[in-house]
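Before any comments, here is the structure.
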Amino acid sequence: MLIHFNGQSLALGPDVPAVDKLALADIARLNVQMLSGIHTGPERRIIELQGLQKRSGPVALSEAEFTRVRISKPVPPALPMARALVGHGDEAEDVQRFAPISISGNPVAGQSIALLEDPDGLVRHNMDIIIDGTHLAYLREGSAPETVVYFWIQGEADLCI
């Protein structure tokens with residue numbers, strides 16, 4: 001299963017203290033993975049779980065892969081969602097429900113939904129890069145997701161009276 005999350009503002013998730021981020025990353029089960037290996041710009045900054053956002057510069061997909069979850073920014077809502085899905089079904093039988101689950105995403109802070117819908121805009125371009133990188137990572141593993149969940153969270157930027 002692939003959970004790809006997108007949106008703006010609230011999709012970034014809560015920013016928790018560093019010690020809690022470490023604890024959350026540690027308890028993320030091994031069968032929850034995140035997209036990794038995508039770099040942007042000449043300094044090769046790695047793209048974190050939150051995606052490209054508004055970063056500019058050339059993006060390399062050639063090293064896209066899945067890796068253990070690490071959290072350096074706000075905790076995306078897709079992470080607890082994924083962790084819940086790979087939980088156990090019947091406790092007595094100790095049967096896995098879904099595994100593995102991969103997470104990718106490209107939320108942006110404080111952007112209008114109109115900007116996200118612009119097919120020629122940087123945000124849309126970045127979203128396409130993340131999706132392409134995710135499928136490339138699956139190909140590297142010789143697999144493909146059986147189920148794709150496209151998880152959209154909209155914030156308050158477009159609320160009006």
Side-chain angles (χ1 to χ4, degrees), residues 1-16 18 20-22 24-83 85-86 98-113 115-155 157:
M1 174 181 283
L2 165 66
I3 301 176
H4 178 80
F5 67 102
N6 208 325
Q8 59 87 257
S9 190
L10 299 180
L12 294 171
D15 199 2
V16 299
D20 293 335
K21 289 179 189 177
L22 289 173
L24 284 166
D26 189 54
I27 61 176
R29 298 181 179 166
L30 291 175
N31 50 6
V32 176
Q33 308 173 94
M34 62 172 268
L35 182 65
S36 182
I38 297 180
H39 299 81
T40 184
E43 61 275 7
R44 292 180 56 80
R45 292 176 297 180
I46 191 164
I47 304 305
E48 296 290 348
L49 186 55
Q50 281 79 8
L52 291 171
Q53 297 188 31
K54 294 182 287 183
R55 298 177 185 182
S56 59
V59 177
L61 292 178
S62 59
E63 300 169 49
E65 62 182 3
F66 291 117
T67 188
R68 184 181 170 94
V69 172
R70 65 183 180 283
I71 303 169
S72 62
K73 297 179 183 177
V75 179
L79 178 57
M81 180 184 185
R83 287 179 49 219
L85 286 172
V86 297
F98 298 104
I101 292 183
S102 304
I103 304 173
S104 70
N106 182 44
V108 293
Q111 301 296 323
S112 167
I113 195 169
L115 178 70
L116 298 175
E117 290 180 335
D118 179 1
D120 299 318
L122 181 61
V123 173
R124 181 62 175 269
H125 172 74
N126 289 344
M127 180 175 66
D128 292 341
I129 292 282
I130 291 290
I131 292 172
D132 289 348
T134 303
H135 289 285
L136 178 59
Y138 271 109
L139 286 173
R140 286 182 181 283
E141 293 188 350
S143 64
E146 291 184 12
T147 304
V148 177
V149 177
Y150 191 82
F151 190 51
W152 180 272
I153 302 178
Q154 182 62 23

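Keep in mind that the numbers below use all heavy atoms, side chains included, and drop hydrogens, waters and symmetry copies. The chain is numbered in sequence order, starting from 1.
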Can you name the residues that form a side-chain hydrogen bond (donor to acceptor under 3.5 Å, both in side chains) with Ser104, not counting sequence neighbours?
->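 Partners of Ser104 by the side-chain hydrogen bond (donor to acceptor under 3.5 Å, both in side chains) criterion, ordered by chain and then number, come out as His4, Thr134.
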Partners meeting side-chain hydrogen bond (donor to acceptor under 3.5 Å, both in side chains) with Arg124 (sequence neighbours left out) =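 Counting only residues at least two positions away or on another chain, Arg124 forms no side-chain hydrogen bond (donor to acceptor under 3.5 Å, both in side chains).
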Nearest 0.5 Å, what's the [atom1]-[atom2] distance between [X] and [Y]?
X: Ile38; Y: Asn126; atom1: CD1; atom2: CG; answer: 10.5 Å
X: Tyr150; Y: Leu2; atom1: OH; atom2: CG; answer: 11.0 Å
X: Glu65; Y: Leu139; atom1: CD; atom2: CG; answer: 14.0 Å
X: Met81; Y: Ile3; atom1: CE; atom2: CD1; answer: 4.5 Å

Starting from the C-alpha separation in whole Å, work towards a yes-or-no answer on side chain to side chain contact (heavy atoms under 4.5 Å, CB included) for Leu35 and Phe66.
-> CA-CA 5 Å; Leu35 182 65; Phe66 291 117; 4.2 Å; yes
Going by the angle between their ring planes, with limits at 30° and 60°, are Tyr138 and His135 parallel, tilted or perpendicular?
->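 The arrangement is tilted - the two ring planes meet at 30° to 60°.
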What pair of heavy atoms forms the shortest contact from Ala64 to Gly133, and how long is it?
->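 Closest heavy-atom pair between Ala64 and Gly133: CB-O, 3.4 Å.
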Name all residues meeting the salt bridge (charged side-chain N to carboxylate O under 4.0 Å, His left out) criterion together with Asp15; count only those two or more places apart in sequence or in a different chain, and write none if there are none.
->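 Salt bridge (charged side-chain N to carboxylate O under 4.0 Å, His left out) list for Asp15, sorted by chain: Lys21.
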Taking only residues two or more places apart in sequence, or in another chain, which ones meet Glu63 in a salt bridge (charged side-chain N to carboxylate O under 4.0 Å, His left out)?
->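 Once residues adjacent in sequence are excluded, the partners of Glu63 under the salt bridge (charged side-chain N to carboxylate O under 4.0 Å, His left out) criterion are Arg44.
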Hey, which of Glu141, Gln33, Met1, Met34 is the one that makes side-chain contact (heavy atoms from CB on, under 4.5 Å) with Ser102?
->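 Only match with Ser102 under side-chain contact (heavy atoms from CB on, under 4.5 Å): Gln33.
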Contacts of type side chain to side chain contact (heavy atoms under 4.5 Å, CB included), residue Ile46, not counting sequence neighbours |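 Partners of Ile46 by the side chain to side chain contact (heavy atoms under 4.5 Å, CB included) criterion, ordered by chain and then number, come out as Ser36, His39, Glu48, Arg70.
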Mind checking side chain to side chain contact (heavy atoms under 4.5 Å, CB included) for Ile129 and listing every partner two or more places apart, or none if nothing turns up?
->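 Checked Ile129 against side chain to side chain contact (heavy atoms under 4.5 Å, CB included); matches are Leu52, Val59, Leu61, His125.
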